[in-house]
Structure formats: structure tokens, C-alpha cells
Number of protein chains: 2
Amino acid sequence: MNYQQAKIRAEILKALAHPVRVLIVETLSKGNRCVCELNKLADIDQSNISRHLAVLKKAGIVTDCRDGMKVFYHLRTPCILNALKCAVEVMKVEDKIRNYF
Amino acid sequence: MNYQQAKIRAEILKALAHPVRVLIVETLSKGNRCVCELNKLADIDQSNISRHLAVLKKAGIVTDCRDGMKVFYHLRTPCILNALKCAVEVMKVEDKIRNYF
DNA sequence: TGACCTTATGCGGTTATACGCATATTGTTC
DNA sequence: GAACAATATGCGTATAACCGCATAAGGTCA
């Protein structure tokens with residue numbers, strides 16, 4: 001893998017590397033959601049959610065689809081969930097160590 | 001998943017979300033490496049590599065082991081490679097779209 | 001001990017992220 | 001067209017990430 005390839009991978013991972021965006025992706029894994037629904041995930045401004053969605057969209061993780069006044073988002077690459085699972089694995093190992101010492 | 005859990009996951013993903021750190025993890029997947037070897041991966045200062053390794057270590061992705069003057073790093077949670085594979089999948093979908101339009 | 005090798009850290013500057021507020025944009029309904 | 005609802009964007013600010021340089025810290029060997 002060269003630097004350029006690593007850079008693209010890093011950009012995709014970075015797009016997911018924010019607590020709100022993790023919540024969004026996890027929620028979208030259960031089905032499509034409009035912005036107004038996703039807005040309830042955290043106590044933040046609506047404009048902020050909109051920006052997080054733009055980040056995920058730019059990275060190719062989600063796509064959007066307008067239906068009347070609402071815009072629905074859905075996961076374009078469900079395999080992104082594996083990245084989250086992996087994060088859980090890392091957490092588990094850390095817990096073992098925490099409990100050990 | 002609550003916000004706190006999402007935050008921890010995001011931190012782990014963020015630790016991986018940098019081109020140099022992606023290169024490091026990919027290299028470590030082939031076996032343990034000392035800092036001086038990893039330093040050849042990119043044309044950056046040695047102190048910079050050391051800092052990137054500290055980030056990966058803090059996230060629980062790698063551990064280190066001193067052997068004489070050298071410090072060897074190795075993957076603590078190889079499943080982190082799945083996160084990278086996933087990034088590749090996202091890239092593939094993007095390529096299809098790029099080629100289509 | 002002193003010269004040398006390998007790795008880590010303090011520091012300052014630059015750049016990128018994240019956020020809320022206000023407001024624009026898009027679409028609906030009356 | 002006017003009022004309203006849902007979403008996106010411009011802007012200023014606060015915070016965090018990244019980098020190189022210099023140097024410290026840990027280890028080796030003559």
C-alpha cells in the first residue's frame with residue numbers, strides 16, 4: 001500500500017470517527033432515517049447533524065434521497081459496520097487489561 | 001448504543017484515521033517492527049512517527065516491547081485490519097460511481 | 001565514563017474540526 | 001403568493017490535530 005492509498009482509507013475512517021457519526025451509522029443500520037429523526041440522537045443543533053451527514057456522504061458512507069420536505073439517509077456500504085465491530089473488539093481487550101491491573 | 005459508547009468507538013477509529021497510522025498498522029500486520037523500520041514508511045521526521053505510535057498505543061491498537069536500544073511494536077488487536085478492509089469496500093463503491101458518471 | 005544509537009517529549013506555529021447562531025434553500029399547503 | 005416545515009450553508013470562534021526542530025531519556029559498547 002502506498003501513501004496515497006493509505007490517505008484515502010484514512011479519510012473514510014476519519015469520516016466515521018466521531019461519536020455523533022457513529023450513532024448515526026448505527027441507527028441507519030436499522031433502516032433509513034430522515035434528518036429530523038437523526039436529530040434526536042444527541043442534544044445538538046440541527047445544523048450540526050446536517051454537517052455530520054454531509055461528512056458521511058462525502059466519504060461515500062451514506063447517500064441521501066429527498067422525499068417531499070424530508071431528506072432520508074441510508075447506508076451505502078453496510079460493511080462499515082465491521083469497522084465499528086472492530087472498535088468493540090479493541091474495547092474488549094482494553095477492558096480485560098483494565099480488570100487485570 | 002449510548003453517546004458514551006459511541007465516543008469510545010470513535011476514539012479508536014480516530015486513532016487509525018491517519019495515512020501514516022494506516023501504513024503503520026498495515027506493516028505491523030506482517031509482523032513486528034521497530035520504530036527505525038517504520039520510520040522508512042513515509043518521508044517524515046522520526047519524532048512524528050513516534051507520536052503516531054503513541055496514538056495507536058493509547059487507543060489499544062498496538063503495544064510496544066523494548067529489546068535493547070530498539071523498541072518493537074506489534075498489533076494488539078489484528079481485527080483492526082477489518083476496519084481497513086471496510087474502507088477498501090467503500091473505495092470500491094466510490095470507484096464504480098466515478099466510472100459510471 | 002564518554003561517544004553513539006534509538007526512541008520519546010517539550011515547544012511553537014500552522015492547519016483542520018467542531019460548534020452554535022443566524023439565515024438561506026427547498027418544498028408543502030392553504 | 002404567504003406562512004410554515006425540513007434541511008443546508010455562511011460565518012466567527014474555540015478546540016484539537018499535526019508537524020518539524022531541538023533536546024531529553026534510555027540503552028549499548030569501547
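So that the names make sense, note that chain A is the first sequence line, chain B the second, and so on, each numbered from 1. Only heavy atoms go into these numbers, but all of them, side chains included; no hydrogens, no water, no symmetry mates.
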Engineer: Does atom CG of A:Asn2 have more than 12 heavy-atom neighbours, drawn from other residues, nucleotides or ligands, at distances under 6.0 Å?
Structural biologist: yes

Engineer: Identify, between A:His18 and A:Met69, the residue whose nearest nucleotide on DNA chain C lies closer to the 5' end.
Structural biologist: A:His18

Engineer: To the side chain of B:Asp45, which of D:dG20, C:dA8, D:dT9 is closest?
Structural biologist: D:dG20

Engineer: Distance criterion of 3.5 Å, no angle test: do you see the side chain of A:Ser47 paired donor-to-acceptor with the base of C:dC21?
Structural biologist: yes

Engineer: Is it true that a side-chain atom of A:Ser50 and a backbone atom of A:Ser47 form a donor plus acceptor pair closer than 3.5 Å?
Structural biologist: no

Engineer: Would you mind reading off the distance between A:Lys58 atom NZ and C:dT17 atom C1', rounded to a whole angstrom?
Structural biologist: 12 Å

Engineer: Using atom CZ of B:Arg33 as one end and atom P of C:dT7 as the other, report the distance to the nearest whole Å.
Structural biologist: 14 Å

Engineer: Whole Å only: how far is the NZ atom of B:Lys57 from the C1' atom of C:dA8?
Structural biologist: 10 Å

Engineer: Assign B:Tyr73 to base, sugar-phosphate, or nothing according to its heavy-atom contacts below 4.0 angstrom with the strands shown.
Structural biologist: sugar-phosphate

Engineer: Does B:Gln46 make a side-chain donor-acceptor contact with the base of C:dA8, cut-off 3.5 Å?
Structural biologist: yes

Engineer: Is there a side-chain contact between A:Asn48 and the phosphate of C:dA18, meaning an N or O under 4.0 Å from OP1 or OP2?
Structural biologist: no

Engineer: Among the nucleotides D:dC18, D:dT7, C:dT7, which one has an atom lying closest to any side-chain atom of B:Lys70?
Structural biologist: C:dT7

Engineer: Between C1' on C:dG20 and CG on A:Asp43, what's the gap in Å once rounded to a whole number?
Structural biologist: 12 Å

Engineer: Whole angstroms only, please: what is the NE2-C1' distance between B:His52 and D:dC18?
Structural biologist: 7 Å

Engineer: Considering only C:dT7, D:dT7, C:dA18, which nucleotide approaches the side chain of A:Arg21 most closely?
Structural biologist: C:dA18

Engineer: Check B:Thr63, B:Ile80, B:Val25 against B:Leu56 for a side-chain contact (heavy atoms from CB on, under 4.5 Å) and give me the one that passes.
Structural biologist: B:Val25

Engineer: With nearest nucleotides of DNA chain C determined for B:Arg51 and A:Lys14 from heavy-atom distances, which residue corresponds to the more 5′ nucleotide?
Structural biologist: B:Arg51

Engineer: If I take atom CD1 in residue B:Ile24 and atom C1' in nucleotide D:dC18, what distance separates them, rounded to the nearest angstrom?
Structural biologist: 13 Å

Engineer: How long is the line joining CG of A:Asn39 and C1' of D:dA5, in whole Å?
Structural biologist: 13 Å

Engineer: If you check the B:Val35 side chain, which of C:dA8, D:dC21, C:dT17 turns out closest?
Structural biologist: C:dA8

Engineer: If only atom types and distance count, is the side chain of A:Arg33 paired as donor or acceptor with the main-chain N or O of A:Leu28 below 3.5 Å?
Structural biologist: no

